[in-house]
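Presented below is the structure to which this report refers.
Since the structure is predicted, the reported quantities are computational estimates derived from the model, not experimental observations. Below, chain A is the first sequence line, B the second, and so on; all start at residue 1.
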Protein chains: 2
Amino acid sequence: MKEYICAMKKFYADDFRLGILGGGQLGRMFIQAAVNYDVHISILDPSPNAPCAPYAHEFVTGDFASFDDVYRFGKGKDVVTIEIEHVNVEALEKLQQEGVKVYPDPKILRVVKDKGLQKQFYAQHQIPTAPFYLVDSKQEIERFASDFPLMQKMRTGGYDGKGVQALRHASDIETAFEVPSVLEKMVDFQKEIAILIARNESGETKTFPVVEMEFNAEANLVEFLFSPANIDATIEAQAESIAKKLVAALDFVGLLAIEFFVTQTGEVLVNEIAPRPHNSGHHTIEACRTSQYEQHLRAILNLPLGDTSLVQPGVMINLLGEQGFAGNVHYENLEEAMATSGVYVHLYGKAETKPFRKMGHITVVNLQLEEAKEIARKMQKMVRVISSS
Amino acid sequence: MKEYICAMKKFYADDFRLGILGGGQLGRMFIQAAVNYDVHISILDPSPNAPCAPYAHEFVTGDFASFDDVYRFGKGKDVVTIEIEHVNVEALEKLQQEGVKVYPDPKILRVVKDKGLQKQFYAQHQIPTAPFYLVDSKQEIERFASDFPLMQKMRTGGYDGKGVQALRHASDIETAFEVPSVLEKMVDFQKEIAILIARNESGETKTFPVVEMEFNAEANLVEFLFSPANIDATIEAQAESIAKKLVAALDFVGLLAIEFFVTQTGEVLVNEIAPRPHNSGHHTIEACRTSQYEQHLRAILNLPLGDTSLVQPGVMINLLGEQGFAGNVHYENLEEAMATSGVYVHLYGKAETKPFRKMGHITVVNLQLEEAKEIARKMQKMVRVISSS
């Protein structure tokens, strides 16, 4: 059975094949959305116990950073996408040359994987971002000591707050990362916000309502997120306008998450981007007409994008492994959380907890945002991810 | 890892096992909901291409009407449930005796599988239902010719409108079913409504808002359903009160769907029941705080029941195979449907269409019920399930 739309097989055709590099929680929630459209999904992940493993049509154990593994996996697929950026780009480029649709485009992954190239891209395209320097070694950092405080961010390999540290005093250089990195002016921000934007092959573009984030300083991880953000219309408009400029400059197809600083003077600066469903969009499952996962699917299959409007305000908390616990996971007071109206539990299917590991999330929806926040704070104290052994 | 709650292992424990008899679309949507709770699910179905096959942790090919297949499948599970009533009850009884939790209880399945026992149960428990006679053969029907018109319903084996026919004239006896059946007084109804009610082991009970159905007379299948129903508060109260009386009389654990006739004089009569998620509850996925699938899961695992309130009015249409088409499925104008705000497409993953086969459904949500109905009517004309070969 062969059906074509815009030179693409129908997504529900027997022989349509979608491949995803990475089998974590983002892929798992993506599959949940894709079930509705009967899309055949293959997953490549190094761990046979990855969150996606039970739900993929085909699960391939392999390294998404290996040329051979990625190329072999992608060969013969109709579309290949990612749920993590740290993948082998060369293999994706070869697949693309051989006619596989790869979204996001491998050349965009090259830029995104390297925080140095990211910053240079912003500078080239007049995308507002904090001033920065690129350095290759610790020794080079000394030249910028007079500019301290600076944030040092590893150009590659960082994730979830890892690979980032503040350099405040000359003495901090000693413990600086000895790798190519970005030195970024510390932004005196009033808040951090994020926006999700999708674009399909036909060029249709849609943004989700802006979300506002609260960080756990200790873990350097988002632990609380809400939408609508508590910002005025000019800030929202700036975020949307930057998002549209970015997807146009990147000629982007797929879903792009953009994190911003809002400065004390009301400037909106791009912090970083992720070319895929993102932690800052989990709440869209229950709070928006279309979830970020479904929107990503629609974008990469060149389907019409879904309505992104908020049905009701939403607050999201990550369920992180408690400090001091490791081993078989036990969720404390989960039943009590489930008994609360408007509380949605998402467990990622990771058997083992460890400190700060993302084990799941809870979204709270309520017609009153303040009430949703209050319930979320209560859940955060109540539901603990510990170990049972 | 062993964790117990109310003498039940935690649903997210590594070794917790839930088995479902039947692997159709109801099981598929149940799994979609269960992903959030990381429940390990095994499916028993005769077809290796069943809609659940790609998403079950364990998929066993076998006959759910066979004692051996059901017993072997259920042995060692913590909880066994169904997504179809026509299963081997003896095997379930044996599993129950051996300590497996079976919900709904096998003794309830005995009653539900046989429309004759169902009607007798209503009569015994003063549950309002249309007057009826039980007959074992065509010949016996002649005795009731003076009561015509009557509906003849096969006591066992009927589904989706099959096994039901009207007897209006003496000449209809010739084509009557030659099997044990219920002869039911034809009800002069103004509308048909349904209610879903869940009850967990602890006895917590919750009803969903009543839905109203419109039938396709030709196919004798629900083709249009909406909630809230256009009924007054006394009708809604009668439906709720009968639902509560029924689950109490049955000592029911799980999700029960109850279809009613509302007579011209405002009486609410039970038509039939299904002890599982039901076609009349598909809209709950998008329209209610908790879906029928999640509620069924919560009920059978003795978890707190979820809030059932409507977030927004919903209308559901079944996507049935068009007459005159059979073979590899092709969905006409699906992309146009996806471009409409508030339209949710659910495809069941059946590769082959045939006339009137349930291939998927569409739910339309809108703050204005009348607008949702209008969009649903448009979708019903627009989206056609045909074959491509």
Side-chain angles (χ1 to χ4, degrees), chain A residues 1-3 5 10-14 28-29 31-33 35-41 51 53-58 204 285-286 289-290 298 302-307 309 311-312 327-331 334-351 360 365 388-389, chain B residues 1-3 5 10-14 28-29 31-33 35-41 51 53-58 285-286 289-290 298 302-307 309 311-312 327-331 334-351 360 365 367 388-389:
Chain A
M1 185 174 78
K2 304 257 172 208
E3 291 291 336
I5 170 177
K10 291 279 189 189
F11 53 86
Y12 53 78
D14 265 358
R28 184 172 162 117
M29 290 183 270
I31 292 175
Q32 264 180 299
V35 172
N36 292 340
Y37 298 99
D38 199 34
V39 181
H40 186 289
I41 293 179
Y55 307 114
H57 286 74
E58 180 196 29
E204 191 192 2
I285 297 172
E286 291 89 7
R289 277 278 164 98
T290 305
R298 289 173 177 240
N302 201 25
L303 292 166
L305 298 181
D307 178 359
S309 52
V311 177
Q312 45 198 344
N328 283 332
V329 67
H330 174 81
Y331 298 95
L334 207 53
E335 289 82 359
E336 287 77 355
M338 291 175 69
T340 311
S341 174
V343 169
Y344 295 87
V345 171
H346 295 258
L347 304 182
Y348 299 156
K350 300 175 183 175
V365 296
S388 60
S389 46
Chain B
M1 185 174 78
K2 304 257 172 209
E3 291 292 335
I5 170 178
K10 291 279 188 189
F11 52 86
Y12 54 77
D14 266 357
R28 184 172 162 117
M29 290 183 270
I31 292 175
Q32 265 179 299
V35 172
N36 292 341
Y37 297 100
D38 198 34
V39 181
H40 187 288
I41 293 178
Y55 307 115
H57 286 74
E58 181 196 29
I285 296 172
E286 291 89 7
R289 277 278 163 97
T290 305
R298 288 173 178 239
N302 201 26
L303 293 166
L305 298 181
D307 178 359
S309 52
V311 177
Q312 46 197 345
N328 284 331
V329 67
H330 174 81
Y331 298 95
L334 206 52
E335 290 81 359
E336 287 77 355
M338 291 175 69
T340 311
S341 173
V343 169
Y344 295 87
V345 171
H346 295 258
L347 304 182
Y348 298 157
K350 300 175 183 174
V365 297
L367 291 177
S388 60
S389 45

Practice problem: Could you check which of Glu286(A), His57(A), Met29(A) has the highest count of heavy-atom pairs closer than 4.5 Å to chain B? | Solution: His57(A)

Exercise. For chain A, find which of Thr340(B), Val345(B), Val39(B) contributes the most heavy-atom pairs closer than 4.5 angstrom.
Key: Val345(B)

Quiz prompt | Side chain / backbone / both / neither for Ile31(B) at chain A, heavy atoms under 4.5 Å | solution = side chain

Self-check item: Region of Ile41(A) that comes under 4.5 Å of a non-hydrogen atom in chain B
Solution: neither

Quiz item: Any chance the rings of Tyr37(A) and His346(B) have centres within less than 6.0 Å?
Solution: no

Exercise. Flag the one option from Val365(A), Leu347(A), Asp307(A) with the top tally of heavy-atom pairs under 4.5 Å to chain B.
Key: Leu347(A)

Practice problem: May I ask you to name which of Glu336(B), His40(B), Arg289(B) has the most heavy-atom pairs under 4.5 Å with chain A? | Solution: Arg289(B)

Practice problem: Start with the C-alpha gap between Asp38(A) and Tyr331(B), add the side-chain angles, then the distance that decides, and say whether side-chain contact (heavy atoms from CB on, under 4.5 Å) holds. | Solution: CA-CA 12 Å; Asp38(A) 199 34; Tyr331(B) 298 95; over 6 Å; no

Self-check item: Results of ring-ring contact (aromatic ring centres under 6.0 Å, His included) for Tyr344(B) - residues two or more places apart only
Solution: none

Quiz item: Should Gln312(B) and Gln312(A) be marked as a side-chain contact (heavy atoms from CB on, under 4.5 Å) after you check the CA-CA gap, both sets of side-chain angles, and the distance that decides it?
Solution: CA-CA 11 Å; Gln312(B) 46 197 345; Gln312(A) 45 198 344; over 6 Å; no

Exercise. Mind listing the closest non-hydrogen atom pair of Tyr12(A) and Val329(B) along with its distance?
Key: CE1-O, 3.9 Å

Quiz item: Of the listed residues (Met338(B), Arg298(B), Lys350(B), Arg28(B)), which shares the most heavy-atom pairs with chain A below a 4.5 Å separation?
Solution: Met338(B)

Quiz item: In terms of side-chain geometry, is the basic nitrogen of Lys10(B) or Glu335(A) positioned less than 4.0 Å from the acidic oxygen of its partner?
Solution: yes

Quiz item: Side chain, backbone, both or neither: which part of Ala53(B) has an atom under 4.5 Å from a heavy atom of chain A?
Solution: neither

